[in-house]
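Index from 1, following the sequence. Every number for a ligand or one of its atoms is a count from 1 in the order of the listing.
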Amino acid sequence: MSEPRIIDLRSDTVTLPTPAMREAMASAEVGDDVFSEDPTVRRLEQMAAERMGKEAAVFVASGTMGNLVCLLAHCGRGDEAIVGSEAHVLHYEAGGVPGLGGIQLRTVPNDAHGMLDLDAVEATIRPQNVHFPRTAAVCLENTHNRCGGAVITPEETAAVARLAHRHGVAVHLDGARIFNAAIALGVAPSELTAEVDSVSFCLSKGLSAPVGSLVCGAADFVARARRMRKMVGGGMRQVGVIAAPGIVALETMVERLAEDHQNARLLAQGLAQIPGLRIDPESVQTNIVVVGVDDPSFPGRLREAGVLTTGFGPTRVRMVTHYGITRQDIEEALERVRRVVEAAA
Ligand SMILES: Cc1ncc(COP(=O)(O)O)c(C=O)c1O
């Protein structure tokens, strides 16, 4: 008997470049990007800035590098950045912001949909005092990974930004999946970024490009971020070859994210019917599904059945829909989950 087809729900980062992306890579016009002479990178940066409603953008290697250079550009050593208790930058970026930037991260609890309580943020901003670090930035995340792909609205984003700005504090938005948020809310991404000082977004997740993220903001901010990119070794040369698929991603892969969201909802609805699995399908807003389980061996048994997942701890299993996953894959994955659960009963 042949092995069952693997259904890979670990992450939208497993997406493969489309044929159009590969063609664009092969024919990309290139130059030395550290000298700002790569026309393809310049075009991608211009497109990114336009989409985010900002003056300028700089191409970086990853979402992690995007968050790092933004916080390096907003904060000095010994400064403090306020982040959500579930933030990606806090949990999954190898401690780079404090480790490399000397920037202290201070948390405010994320609510279930990834938002920060305004009073809690205000109470966490440090008053001026010789004893205290300076609060230099507040970070938001949209969509929110550990909060199950939840979205925050333009109004919620603006409320945090206005509060921070009243205290002279900058706002950075980790918008790794900002296009998922925009599609889910039916708004332009620029509405979600209108009041923030910086935003980074990824090309290599749901948009399926092989590599890269963009940092966007005012021209003077992006000039500082560009310098920080050089400092961390992220100044790249003839990288039009990797910027070109990013252009294809922005031109052709944004609208189809709605399909991933529909598949995620379908998955959540099916999981909710299976005894022992805990999920409210109404809470699934984008392409990330987080299901509660009692048995920590569940992901391992599911893997044996050819369904790959990741987890937030032993009892929260994450499943992500993406360009490589069809509606039929979701139906098949649900069938396999049912079999795995029944076999353990
Ligand atoms: C919300 C969020 N921010 C940042 C990143 C980091 O992106 P990268 O893996 O490209 O460094 C991720 C990656 O999953 C993410 O989910």
Give me the nearest non-hydrogen protein atom to atom 10 (O) of ligand 1 as residue plus atom name, then the distance to 0.1 Å.
Gly63 N, 2.9 Å
May I ask you to identify the nearest protein heavy atom to atom 3 (N) of ligand 1, giving residue, atom name and distance to one decimal place in Å?
Asp174 OD2, 2.7 Å
Fit a plane to each ring of Phe221 and His74, take the angle between them on a 0 to 90° scale, and name the class: parallel (under 30°), tilted (30 to 60°) or perpendicular (over 60°).
parallel
Could you check whether any side-chain N or O of Thr252 sits under 3.5 Å from a backbone N or O of Ala249, counting only pairs where one atom can act as donor and the other as acceptor?
no
Can a donor-acceptor pair be found between the side chains of Arg177 and Asn142 at a distance below 3.5 Å?
no
Atom 11 (O) of ligand 1: the protein heavy-atom neighbour that sits closest, reported with distance to 0.1 Å
Thr64 OG1, 2.6 Å
Just by modelled atom types, is the Val171 backbone N or O under 3.5 Å from a matching donor or acceptor in the Asp197 side chain?
yes
Which one holds for Ser62 and ligand 1: side chain close, backbone close, both close, or neither close, with close meaning a heavy atom under 4.0 Å?
both
So which of His144, His88, Glu141 gets nearest to atom 4 (C) of ligand 1, if we judge by its closest heavy atom?
His88
Students should be able to answer this: which protein heavy-atom is nearest to atom 14 (O) of ligand 1, and at what distance?
Lys205 CE, 3.0 Å
Inspect the surroundings of OH in Tyr323 and state if more than 12 heavy atoms from other residues, nucleotides or ligands are less than 6.0 Å away.
no
Do me a favour and list the nearest non-hydrogen protein atom to atom 16 (O) of ligand 1 with residue, atom name and distance?
Arg177 NH1, 2.9 Å
Between His91 and Phe312, is the gap from one ring center to the other below 6.0 Å?
no
Has ligand 1 got any nitrogen or oxygen that is less than 3.5 angstrom from a nitrogen or oxygen of Ser213?
no
